[in-house]
Amino acid sequence: MNEMELSTGQPIGIPAAEYAARQTQLREECRQRGAAAACVFDPDYVKYYSGFYFSVTERPMAFLLSAAGQTALFVPRLEKEHAQARGAVERVWDYPEYPGETHPMAQLAAALRGWGVGEGSALLADEDGYPWVLGYRGPPLSQLLGCAVLPARAFIEDCLMIKSPLEIELLRQSAVWGNYGMARLVAHTRPGQTETRAQQAAEGETWQAMLAAYGPHYQAHTPYFGGGARCEYRGQIGRNSAIPHSLGNNIVFQRGDTLIGESTVAVWGYSVELERTLFLGPPQPQQVFLFQHMLALQETAFAAISPGRPCSAVDEAVRAYFRENDLEQYRRHHVGHGIGLRYHEGPFLDVGDHTELRPGMALTVEPGLFDAQWGGFRHSDTALVTESGNELLTHYPRDLASCTLPLS
Amino acid sequence: MAVVPASIAITEGEYRARCEQLREHCAAQGYDGVVIFNHQYILYYSGFAFIPTERPIAFAMNAAGERALFVPRLEVEHAQSLALIDRVDHYHEYPDLTHPMDIFADTLRDLGITGRIGADSDGYPWVMGYRGPPLSELMGAEVQPIIAAIEDQMMIKSAAEVALIAESCKWGNLAHMLLQRYTRPGLSETEVSQRASDEATRAMLDAIGPIYRAQSWSGGASAGYRGQIGRNSAIPHALANNIIFQEGDVLVTGAGAAMWGYTSELERTMFIGAPTDGQKRLFDHMVALQDTAFAAIEPGRPCADVDLAVRAYYEKHDLWPHWKHHVGHAIGMRYHEGPFLDLGDPTLIQPGMLFTVEPGLYSDELGGYRHSDTVLVTEDGIEFLTFYPRDIESLTIPA
């Protein structure tokens with residue numbers, strides 16, 4: 001089980017009861033769609049339903065659930081004890097190795113057959129067999145079992161969109177540590193210093209503070225961001241900051257740089273997004289112009305996020321601001337995305353996404369302006385949709401003065 | 001062509017040769033073209049490195065060898081910087097008013113990639129909240145799986161790829177050396193791993209200089225324990241838990257470095273303080289198992305033979321209770337890839353293949369015992385790319 005008790009009795013992580021509730025939802029979906037069982041391979045989904053977090057390899061792993069209510073993890077021999085210790089399931093089935101003497105998919109099919117999955121029945125699954133990742137090759141489950149495979153992803157994604165109070169608590173904790181990491185990153189950013197040094201110092205200090213605060217039971221439980229605290233610029237420095245998803249490169253900070261810093265800290269698998277546009281030394285008028293419009297775009301989005309409205313309405317409001325202020329030439333992407341176990345997830349604050357905003361959704365709000373000469377201008381905050389509107393989970397200062405760094 | 005600074009990166013000519021090999025495969029299969037969505041395959045064929053999100057990105061090549069990248073607006077300039085790409089087509093956003101796949105369909109029709117298409121997946125996979133139609137439905141085309149052909153191509157490394165992986169081994173070795181130097185009782189796993197990784201990364205960035213590209217999530221050199229400390233080391237894929245080192249601990253390490261998208265694997269079993277007789281016995285058997293595997297890797301033999309030779313050693317020395325996994329796997333752009341040194345993998349070993357060799361022994365009381373080395377298959381045997389000491393004296397840390 002992922003649950004653990006601090007001496008205060010305050011649980012951290014997702015407790016067994018919540019896994020049970022998620023499993024009940026999936027079982028109900030099986031019944032409604034006439035599936036004899038469900039099988040999920042995606043590691044984030046396996047974690048969501050069982051709490052079992054693992055390194056993905058060519059060796060297939062799956063969370064299994066029967067319509068009758070049985071639950072299991074299917075793992076290779078080398079993960080057996082790990083799965084037994086961490087998985088909120090009734091049993092762990094293990095196979096010796098991949099590819100091994102008997103192919104793991106054949107062994108998984110045999111296990112599912114024992115639950116009544118076969119010809120004339122249906123299996124709810126995120127993939128028809130383990131996907132061909134990291135050198136894995138193998139047959140579809142539909143072929144092995146002769147059953148119909150009903151796609152499960154849309155249903156599971158819909159479940160992941162609405163965060164429970166415990167998930168929200170983990171997102172809040174991620175926000176606090178993200179804030180700390182951003183403060184440390186800023187403290188180490190000055191002309192002449194390299195991006196790498198600032199990143200390493202900020203990440204190291206954030207890690208040590210977190211480990212001291214949570215103690216040895218802390219789990220990042222994420223395969224993303226190198227697995228834990230990421231406080232970095234990813235090369236979004238100076239003119240490079242106009243490339244939104246560039247990858248870091250040991251750049252030396254210079255006076256006058258526009259920077260986009262981000263600080264993401266995973267707490268038991270969950271993380272919020274925090275990004276800040278920063279200036280190294282006093283900004284030029286055009287930089288101030290783009291910065292202030294970026295803030296106003298973000299404000300426009302915050303004002304538009306309320307339950308009952310479609311996601312598209314938020315993007316439309318922001319696009320209207322771009323048009324009214326003659327900023328279309330600087331627009332490159334939509335307003336934001338859902339976040340939780342993955343660094344991006346649905347729904348999307350985009351004109352084409354008509355999903356209704358509902359309390360419990362966590363969304364990044366990050367409209368950006370990009371200029372080839374002056375760089376990228378984007379803050380990202382994570383907002384939680386509440387009963388009456390939204391609440392910002394991230395709380396790092398957003399104003400120009402706070403985002404202008406001293407030169408020494 | 002413009003003058004480009006010297007670099008150890010994969011050259012444009014090599015990307016072109018890779019594309020040509022893929023094009024020939026597609027021609028032989030009678031495909032009108034090929035579509036690739038996986039980010040590592042796209043990097044392999046085009047040199048385009050990016051962070052995958054819900055916004056689909058695709059590489060497409062028609063029967064004439066014309067190459068296109070299909071990207072969201074925010075990646076356009078990044079994609080256009082690549083010389084070997086003939087065209088960059090883009091969509092504004094995902095999902096937007098027009099679904100990206102509908103715009104991609106126009107690109108494919110324009111390129112003549114219609115009737116019969118080789119693809120690594122039938123449409124962009126539903127990752128990170130993406131939802132969209134299969135390629136077959138979108139194009140009304142026959143979509144044939146192409147992963148096996150791509151994986152077969154990636155198995156055989158070129159001289160330039162081997163050089164990058166050897167470079168990765170060098171900086172993994174430095175990180176590992178620092179890890180061992182800084183590990184001592186009373187310190188935590190995290191602080192030691194961070195110190196070693198940070199120092200090695202800075203040395204690497206300064207040594208290689210501004211041409212360096214990680215092209216991977218893990219942007220540097222690293223070494224750590226992933227929680228494989230003391231009795232926890234019996235869980236091979238344990239994940240870091242910030243354990244405090246104690247005298248008597250058995251440690252299993254892991255080290256490597258990201259090098260233009262390539263990686264390597266170096267793992268060592270170490271002790272804090274003198275090992276007990278029981279620990280020494282398992283360590284010695286583990287080294288012998290690895291030696292057995294090294295001797296069995298030869299071009300022309302099936303991968304399965306290596307696992308069978310190692311299994312015979314387990315059998316002969318009554319070590320089955322300590323077995324948990326096969327001998328090793330190939331490595332390159334991914335930390336694991338095929339083929340596998342496993343009794344069920346009949347793939348013939350060929351020069352240019354790279355394998356990790358890492359048979360292990362695990363005991364609930366005595367911990368885990370595993371070295372992993374990255375070796376290159378040559379015309380007449382193997383060559384070690386990792387070169388960290390393997391003997392027990394070198395790997396015993398004073399208490």
Side-chain angles (χ1 to χ4, degrees), chain A residues 53-55 57-58 76-79 81-82 97-101 103 131-132 134-137 153-154 157 194 196-197 200 203-204 207-208 211 216-221 224-227 242-250 332-334 337-338 342-348 350-353, chain B residues 49-51 53-54 72-75 77-78 93-99 125-126 128-129 131 147-148 151 188 190-191 194 198 201-202 205 210 212-215 217-220 234-244 324-326 329-330 334-340 342-345:
Chain A
Y53 173 72
F54 55 91
S55 307
T57 72
E58 71 284 0
R77 170 66 192 91
L78 88 166
E79 291 282 17
E81 290 82 0
H82 189 198
E97 223 349 332
Y98 169 82
E101 282 169 298
H103 194 285
W132 287 33
L134 302 168
Y136 171 86
R137 305 179 190 207
R153 280 194 185 267
E157 290 291 333
T194 67
T196 305
R197 274 267 186 185
Q200 289 181 344
E203 287 174 1
W207 262 116
Q208 293 308 326
L211 292 170
H217 297 291
Y218 166 71
Q219 299 282 352
H221 276 181
Y224 310 119
F225 334 110
I243 299 180
H245 281 186
S246 64
L247 299 162
N249 199 28
N250 203 30
R332 288 213 192 151
H333 58 70
H334 58 209
H337 52 79
R342 286 82 47 90
Y343 56 95
H344 280 220
E345 55 185 50
F348 301 96
D350 182 288
V351 284
D353 193 329
Chain B
F50 59 93
I51 299 169
T53 70
E54 73 284 0
R73 172 65 194 90
L74 86 169
E75 294 279 10
E77 287 79 3
H78 188 189
E93 247 308 0
Y94 170 82
D96 210 345
L97 297 175
T98 308
H99 193 283
W126 286 32
M128 308 280 158
R131 304 178 191 211
I147 291 186
E151 291 287 337
S188 79
T190 318
E191 60 187 307
Q194 212 159 50
D198 286 359
T201 297
R202 291 200 301 269
L205 291 173
Y212 173 76
R213 295 287 182 279
Q215 297 189 339
W217 266 125
S218 54
I235 298 182
H237 282 189
L239 299 148
N241 234 339
N242 202 33
I243 297 166
I244 307 288
K324 281 199 184 177
H325 56 76
H326 57 209
H329 52 81
R334 286 77 49 86
Y335 53 92
H336 280 220
E337 50 186 58
F340 301 95
D342 181 289
L343 81 175
D345 195 329

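Note on naming: letters A, B, ... go to the chains in the order of the sequence lines (proteins, then strands), and numbering restarts at 1 for each one.
Interatomic distance, A:Glu58 CD to B:His326 NE2, rounded to the nearest 0.5 Å: 5.0 Å. One finds the NE2 atom of B:His325 at 10.5 Å from the CD atom of A:Glu79 (value rounded to the nearest 0.5 Å). Considering CD of B:Glu54 and NE2 of A:His337, their distance stands at 6.5 Å, rounded to 0.5 Å. Here CG of A:Leu134 is found 5.0 Å from OH of B:Tyr335. Values are rounded to the nearest 0.5 Å. The distance from the NZ atom of B:Lys324 to the CD atom of A:Glu97 is 12.5 Å, given to the nearest 0.5 Å. Atom-to-atom distance recorded for B:Ile51:CD1 and A:His344:NE2 is 8.0 Å, nearest 0.5 angstrom.
Of all the listed residues (A:Glu101, A:Arg153, A:Arg137), the one sharing the greatest number of non-hydrogen pairs under 4.5 Å with chain B is A:Arg137. Residue with the most contacts toward chain A among B:Pro339, B:Ala330, B:Ala148: B:Ala148 (heavy-atom pairs, distance under 4.5 Å). Taking chain A as the reference chain and counting heavy-atom pairs below 4.5 Å, the highest number among B:His99, B:Glu337, B:Arg131 is found for B:Arg131. Looking only at heavy-atom pairs under 4.5 Å with chain B, the residue among A:Gly338, A:Ala154, A:Gly346 that has the most is A:Ala154.
Residues B:Met128 and A:Tyr343 have side chains in contact (heavy-atom distance under 4.5 Å, counting atoms from C-beta outward). Taking the side chain as every heavy atom from C-beta outward, B:Arg73 and A:His333 never approach each other to under 4.5 Å.
By the 6.0 Å contact criterion, CZ on A:Arg77 is enclosed, its count of non-hydrogen atoms from other residues, nucleotides or ligands being greater than 12.
The closest donor-acceptor contact from the side chain of B:Asp96 to the backbone of A:Gly352 lies at 3.5 Å or more, if one exists at all.
Heavy atoms closer than 4.5 Å to chain A are found in the side chain of B:Gln194, but not in its backbone. Heavy atoms closer than 4.5 Å to chain B are found in the side chain of A:Gln208, but not in its backbone.
The nearest pair of heavy atoms linking B:Tyr94 to A:His334 is O-CE1, 2.8 Å. Considering all non-hydrogen atoms of both residues, B:Asp345 and A:Pro99 come closest at N-CG, 3.8 Å. Taking all atoms of both residues into account, the shortest heavy-atom contact from A:Tyr98 to B:Asp342 is O-OD2, 3.0 Å. The two residues B:Phe340 and A:Gly135 make their nearest non-hydrogen contact at CE1-O, 3.5 Å.
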